[in-house]
Participant: 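Could you have a look at this structure, given as structure tokens, before my questions?
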Amino acid sequence: MLLGELRVSHSGNCEHKHYDAQNIEIKWQKQWAESGIDVPSNDASDQRANYYCLEMFPYPSGNLHMGHVRNYCLGDAVARYKRMQGFNVLHPIGWDAFGLPAENAAIKHKRPPAEWTYANIDQMRGQLKRLGLSYDWSREIATCKPEYYRWEQWMFTKLMEKGLAYQKEAEVNWCDPCHTVLANEQVEDGACWRCDTPVVKKNLKQWFIKITDYAEQLLDDLDQLSGWPEKVVGMQRNWIGKSSGAEVSFSVENSDEVLDIFTTRPDTLMGVTYMAVAAAHPLAVKAAENNTELAVFLKECSTISTKEADVATMEKKGMALGVNAIHPITGEAVPVWVANFVLMGYGTGAVMSVPAHDDRDYDFAKKYNLNIKQVITNAAGDADVSEAAYTDAGVLINSGEFDGLKSGKAKKTITHWLDSHDKGEERIQYRLRDWLVSRQRYWGTPIPVIHCDDCGAVAVPEKDLPVVLPENLQPTGGSSPLAECEAFLNVDCPQCGKAAQREADTFDTFMESSWYMNRYISARSETAMVDAEDMQRWAPVDQYIGGVEHAVLHLLYARFYHKLMRDMGLFDGEKVGSEPFKNLLTQGMVLMDGTKMSKSKGNTVDPSAIIERYGCDTARLFTLFAAPPEKDLEWEDSGVEGAHRFLNRVWRLFEKLNADAVGEDGEKSVKDLRRTIHITIEKVTRAFEHGFAFNVAIAAQMELANALQSFDIQGESGKAAFVEGLQALVTMLSPFVPHFSCECGEVLGFEKDAVMMSWPEVDAAALVQDEIALVVQIQGKKRGEIMVSKDVNQDDALALAKADSAVAKWLEGMAIVKVILVKGRLLNIVVRPA
RNA sequence: GCCCGGAUGGUGAAACUGGUAGACACAAGGGACUUAAAAUCCCUCGAUCAUUACGAUCGUGCCGGUUCGACUCCGGCUCCGGGCACCA
């Protein structure tokens, strides 16, 4: 062993019961920054496999909070482990720097949001560095910089060319306090996701991106995401909300108009007894023109739907329009009603009502005394609709030529009938709507469009990009200062040269965060959004880590954007793949007293205070040890103390090196210790490979530390085994507590910094034991333990078990029925009274 | 209503493909060292019964099943958390 070279410089001050976290950490952070060990090689000749580890980038809100700390410590542990495993690791960081809080702060402090943002970035960068996170800072990006958002603008103009970005007047969600529109995804329970104010419906001209064109792909490709939590995949599937059915055209009696509806149950078409349309439906609006009672009702509907938070419990109300629709098959006239539960924004804003087979239609029909016609029955033919709707699939009755068909078959047959008579067709309907990307805000990426009276909305030509956001404007609340900034707004039309106006809206900040993972790969490119070769080398992200709160919003948009970039030819989709994140880890929240830490509740812990008191290694160790990564973590001061105690205990293990290697070799104990060492390597490695169970990995290392502590060093071989154990421990601790490990590694005379060492390998020979303790069970209950050779056969084991007094007394008066030997584990004896 | 999770000591949790339930920690209690404290070290720590030892019985939300053997698999529930929802 390398005992000869071992310089135990540590020994001189062994009265130091505590290690000096502050000095050690600063020392190593300086050293790492100088040696550039966190910068991956971008050299094609590098033989190592590449690995891209990414954590969700922070919004520069001012200070790091514990949620950040947890997120970044998890990512750092992964990145460091992979490096030690021999991967060439890309681990970048940056700032999601546009957004509303900067504007709010600007109003409060009467300084432009840029100042606040850049100051916060500086502050938080310092905090991240103090945590000793192994980022490649040379790739740092801030989304509010023109060199970043110019590519987003470029992309948007390309999407306009392709018809994937468009402007339209639409009923949108408006938040008054935030003074802007919101995407559907940003409305939670009818309220703004940021300020929790109920949103108002407004008709406004806005920019959209056609995410619905990608609905099917976004859904299909979910199957590729086996490395994602099922929960997140399910949430996305739910959000996209695919339903298959048919679109059916009803004609309107005494009119040229057509009433189109979507249904998932064309098999119940023959049971239609009335129609229901939304209050905003053209047919309803027209009918109300000379019906004041109806007009009043429509108005009531439009106000209620936005005010009422709990829409689901709202009373179902309706009113007849006095108009009839003609059934496409029977030609019968059925009344058209307006109903407050029909949504204008989904499907066609109209539904066919089959009260016999739909709960909601049933209630409505009962309330307003409308006909109920049963057209489906069960296998036994006795389904009853006198008390409630029969909503299951079944067999058709009262359906003329379709009688006797089963629901599944009937759906196809009826849809086909409609199609061939030009009265309908098969149809897939998604819940997902197009992504509303314009915001009436200042602190965001300017939308690269110029409005010309003659040419309309013209995309800013590539040569004129970026459209730079003036950073010196002062928001005062109310509308965006950009909308009043003449110097920004007044330009010539790029097409005709006439005086024109720039678009004053900016992009939703989710635009920036939708492609940053790919930008890191070519972070400094001035010639392209991403470099195709670099993309091939690094994308997709191997491991993405962040909060589950982004399960729909950010993760859906990023998946979408990746596909857009692929289809734009920015990289080879065959080689890079269609999904941006291969594996996803959604970490739990950091709680205090059972609730999420938040300033308003006053239950926060300042990371800087913890670092100052214990050092960042302790903070890192605690956040990783206290709970499995995906679970919520309850902050416990005593737990932090415990983590710190552990590090000091390891520190003190070095005192044992000072003892001279005297006495006889203890062959048995050396073998046992070496076995423990290699079992630990096995356990820790498995924990890393198996869902990043860092809590388990650390527990195993604590066990090893305990074994080393109680190990009685005897003889040269004893000392060698002890040193081997220390080396393994220090090496394996380094992804968690890198500074501490490096310092310990130096004491141990490592040839490299501990964080650059190779991950230890299991010595299979050390695991082998000649004698094992075999558990003896009677009827599956543990009754004793016997020492046997590792290869013991069943007969010998049974003989030894019978000879064991603890076991023997359970065998008295019993006949052995069956014996099961599980090699290396146990012997189970099945008996019955003799 | 639909879709996902989850339920193990006082607490956070562990248990790889069914094989010694509670590793590792926190808290608590006791002890050693100390003039004292801090720090450190040692012991106890699922429940019940028993005891001079040895021990025994029960125990992973509830009920049932499969198995030599179930925290783990199957069927049926209960409760808790998360997501979606007058979605046609």
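Just the heavy atoms: all of them, side chains too, but no hydrogens, waters or symmetry mates, feed the values below. The sequence lines fix the lettering, A, B, ..., with proteins before strands; numbering per chain opens at 1.
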Participant: Kindly assign one of parallel, tilted or perpendicular to the pair A:His550 and A:His554, based on the angle between their ring planes and the thresholds 30° and 60°.
Facilitator: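 Judged by the thresholds at 30° and 60°, the geometry between A:His550 and A:His554 is perpendicular.
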Participant: Counting side-chain heavy atoms from CB outward, which of B:A88, B:C68, B:A56 is closest to A:Ser243?
Facilitator: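 It is B:A88.
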Participant: So if I take every side-chain heavy atom of A:Val696 and compare against B:G19, B:U40, B:A14, which nucleotide ends up nearest?
Facilitator: B:A14
Participant: If the C1' atom of B:G31 is compared with that of B:C24, how far apart are they to the nearest Å?
Facilitator: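 To the nearest whole Å, 24 Å.
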Participant: When the P atoms of B:U8 and B:C62 are considered, how many whole Å apart are they?
Facilitator: 11 Å
Participant: Sticking with atom C1', work out how far B:G12 lies from B:A27, rounded to a whole angstrom.
Facilitator: 11 Å
Participant: Please state whether the phosphate of B:C58, meaning OP1 or OP2, lies under 4.0 angstrom from any side-chain nitrogen or oxygen of A:Lys781.
Facilitator: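 Looking at the OP1 and OP2 atoms of B:C58, one of them is under 4.0 Å from a side-chain N or O of A:Lys781.
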Participant: First locate atom NZ of A:Lys781, then atom CD1 of A:Ile829, and finally report the distance between them rounded to the nearest 0.5 Å.
Facilitator: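 Rounded to the nearest 0.5 Å, the NZ-CD1 separation comes out at 15.0 Å.
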Participant: Given the C1' atoms of B:A85 and B:C4, what is the spacing between them in whole Å?
Facilitator: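 Those two atoms are separated by 15 Å.
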Participant: Ring-plane angle category for A:Trp635 and A:Phe622, please: parallel below 30°, perpendicular beyond 60°, tilted otherwise.
Facilitator: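 Taking A:Phe622 first and then A:Trp635, their aromatic rings stand perpendicular (interplane angle over 60°).
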Participant: Given B:A56, B:U20, B:C26, identify the nucleotide with an atom nearest to the side chain of A:Arg645.
Facilitator: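 Of all the options, the side chain of A:Arg645 is nearest to B:C26.
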Participant: Across all strands shown, which nucleotide pairs with B:C84 by Watson-Crick or G-U wobble geometry, both distances under 3.5 Å?
Facilitator: B:G1
Participant: So, does A:Arg783 get its side chain near the phosphate of B:C54, meaning an N or O under 4.0 Å from OP1 or OP2?
Facilitator: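 For B:C54, OP1/OP2 do not have a side-chain N/O of A:Arg783 under 4.0 Å.
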Participant: For B:U60 versus B:U44, give the span between their C1' atoms, rounded off to a whole number of Å.
Facilitator: 23 Å
Participant: Check whether any side-chain nitrogen or oxygen of A:Arg832 sits under 4.0 Å from OP1 or OP2 of B:C68, and answer yes or no.
Facilitator: no
Participant: Would you compute the distance between atom CG of A:Leu74 and atom CZ of A:Phe694 and round it to the nearest 0.5 angstrom?
Facilitator: 6.0 Å
Participant: Given B:C4, is OP1 or OP2 found less than 4.0 Å from the side-chain N or O atoms of A:Trp239?
Facilitator: no
Participant: For the P atoms, the ones on B:C71 and on B:G59, what distance do you get once it is rounded to whole angstrom?
Facilitator: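 10 Å, rounded to whole Å.
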Participant: At under 4.0 Å between heavy atoms, what does A:Gln777 touch on the DNA or RNA strands: base, sugar-phosphate, or nothing?
Facilitator: base
Participant: Figure out the OH/C1' separation between A:Tyr19 and B:U40, and round it to whole Å.
Facilitator: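 So the OH-C1' distance, A:Tyr19 to B:U40, works out to 17 Å.
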Participant: Does the B:C84 base have a donor-acceptor partner in the side chain of A:Asn238 within less than 3.5 Å?
Facilitator: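 Not at all, since no donor on one side and acceptor on the other fall under 3.5 Å apart.
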Participant: Say you pick atom P in B:C45 and the same atom in B:A53; how far apart are they, in whole Å?
Facilitator: 14 Å
Participant: Just name whichever nucleotide pairs with B:G64, Watson-Crick or G-U, keeping both distances under 3.5 Å, else none.
Facilitator: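 With both distances under 3.5 Å, B:G64 matches B:C74.
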Participant: Within this structure, what is the CG-NZ distance for the pair A:Leu432 and A:Lys242, rounded to the nearest 0.5 Å?
Facilitator: 13.0 Å
Participant: Between B:C86, B:A25, B:G83, which nucleotide has the shortest distance from any of its atoms to the side chain of A:Met702?
Facilitator: B:A25
Participant: For A:Tyr274 and A:Phe364, take the angle between the two ring planes, folded into 0 to 90°, and tell me which bin it lands in: parallel under 30, tilted 30 to 60, perpendicular over 60.
Facilitator: parallel
Participant: Base, sugar-phosphate or nothing for A:Lys782? Non-hydrogen atoms, less than 4.0 Å.
Facilitator: base
Participant: How close or far is atom P of B:C26 from atom CH2 of A:Trp635, stated in whole angstroms?
Facilitator: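 Rounding to the nearest Å, CH2 of A:Trp635 and P of B:C26 are 15 Å apart.
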Participant: So what does A:Glu630 hit on the nucleic acid, given a heavy-atom distance under 4.0 Å: a base, only sugar-phosphate, or nothing?
Facilitator: nothing
Participant: Using the P atom as the reference point in each nucleotide, state the distance between B:G10 and B:A47 in Å, no decimals.
Facilitator: 7 Å
Participant: CD of A:Gln429 versus P of B:C87: gap in Å, rounded?
Facilitator: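 Atom CD in A:Gln429 sits about 13 Å away from atom P in B:C87.
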Participant: Considering Watson-Crick and G-U wobble pairs with both distances under 3.5 Å, what does B:G12 pair with?
Facilitator: B:C24
Participant: How would you label the contact of A:Glu703 with the nucleic acid (heavy atoms, under 4.0 Å): base, sugar-phosphate, or nothing?
Facilitator: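 If one applies the 4.0 Å heavy-atom cut-off, A:Glu703 turns out to touch the sugar-phosphate alone, with no base involved.
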Participant: Taking CD from A:Gln236 and P from B:C84, how many angstroms apart are they, rounded to a whole number?
Facilitator: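 A:Gln236 atom CD is separated from B:C84 atom P by 12 Å.
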Participant: How close or far is atom P of B:C41 from atom CD of A:Gln709, stated in whole angstroms?
Facilitator: 6 Å
Participant: Would you say the side chain of A:Gln701 lies within less than 4.5 Å of the side chain of A:Val684, judging by non-hydrogen atoms?
Facilitator: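 Result yes, sub-4.5 Å side-chain heavy-atom pair found.
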Participant: Within the modelled atom types, does a donor on one side and an acceptor on the other bring the side chain of A:Lys818 and the base of B:C68 under 3.5 Å apart?
Facilitator: no
Participant: Just checking A:Gly642: base, sugar-phosphate only, or nothing, at a heavy-atom cut-off of under 4.0 Å?
Facilitator: sugar-phosphate
Participant: Would you mind reading off the distance between A:Asn695 atom CG and B:A15 atom C1', rounded to a whole angstrom?
Facilitator: 13 Å
Participant: At 4.0 Å (heavy atoms only), tell me whether A:Arg649 reaches a base, stays on the sugar-phosphate, or touches nothing.
Facilitator: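 Sugar-phosphate, no base atom in range.
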Participant: Classify A:Val342 by what it touches in the nucleic acid, base, sugar-phosphate, or nothing, heavy-atom distance under 4.0 Å.
Facilitator: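 Counting heavy atoms under 4.0 Å across all strands, the contact made by A:Val342 includes a base.
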Participant: Quick check for you: among B:U40, B:A88, B:A25, whose closest atom lies nearest to any side-chain atom of A:Phe625?
Facilitator: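 Of B:U40, B:A88, B:A25, B:A25 is nearest to the side chain of A:Phe625.
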Participant: Salt-bridged, A:Asp267 to A:Lys412, with N to O below 4.0 Å?
Facilitator: no
Participant: Using a heavy-atom cut-off of under 4.0 Å over every strand shown, decide if A:Pro628 touches base, sugar-phosphate, or nothing.
Facilitator: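 Sugar-phosphate, backbone atoms only, no base.
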Participant: By nearest atom, which of the nucleotides B:G19, B:C86, B:A88 is closest to the A:Phe262 side chain?
Facilitator: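 Shortest atom-to-atom distance from the side chain points to B:A88.
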Participant: Using a 4.0 Å heavy-atom cut-off, does A:Val830 contact any base of the nucleic acid, only the sugar-phosphate backbone, or nothing at all?
Facilitator: sugar-phosphate
Participant: Rounded to the nearest Å, what distance is computed from the OH atom of residue A:Tyr346 to the C1' atom of nucleotide B:C87?
Facilitator: 4 Å
Participant: Measure the acute angle between the ring planes of A:Phe736 and A:Phe688, then classify it against the limits of 30° and 60° as parallel, tilted or perpendicular.
Facilitator: parallel
Participant: Identify the nucleotide, in any strand shown, that forms a Watson-Crick or G-U wobble pair with B:G29, with both distances under 3.5 Å; if there is none, say none.
Facilitator: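 Pairing partner: B:C43.
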Participant: State whether A:Asn706 places a side-chain N or O below 4.0 Å from either non-bridging phosphate oxygen (OP1 or OP2) of B:A25.
Facilitator: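 A:Asn706 to B:A25 OP1/OP2: side-chain N or O found under 4.0 Å.
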Participant: Name the nucleic acid region contacted by A:Asp361, choosing base, sugar-phosphate or nothing; use a 4.0 angstrom heavy-atom cut-off, strictly under.
Facilitator: nothing
Participant: Salt bridge between A:Glu426 and A:Lys411, side-chain N to carboxylate O under 4.0 Å?
Facilitator: no
Participant: Tell which nucleotide pairs with B:G59, taking only Watson-Crick or G-U wobble pairs whose two distances are both under 3.5 angstrom.
Facilitator: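 Partner of B:G59: none found under 3.5 Å.
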Participant: For a quick test of reading the model: is some side-chain N or O of A:Arg360 closer than 4.0 Å to OP1 or OP2 of B:C87?
Facilitator: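 Yes, such a contact exists.
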Participant: Between C1' on B:U67 and CD on A:Gln779, what's the gap in Å once rounded to a whole number?
Facilitator: 13 Å
Participant: Find which nucleotide of RNA chain B each of A:Ser638 and A:Ala350 is nearest to by heavy atoms, and output the residue with the more 5' nucleotide.
Facilitator: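 Result: A:Ser638.
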Participant: With a non-hydrogen cut-off below 4.0 angstrom, is A:Val822 in contact with a base, only sugar-phosphate, or nothing?
Facilitator: base
Participant: Can B:G9 be described as syn, meaning its chi torsion is within 90° of 0, or is it anti?
Facilitator: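 You should classify B:G9 as syn.
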Participant: When you match A:Leu343 and A:Glu634 each to their closest nucleotide on RNA chain B, which lands nearer the 5' end?
Facilitator: A:Glu634
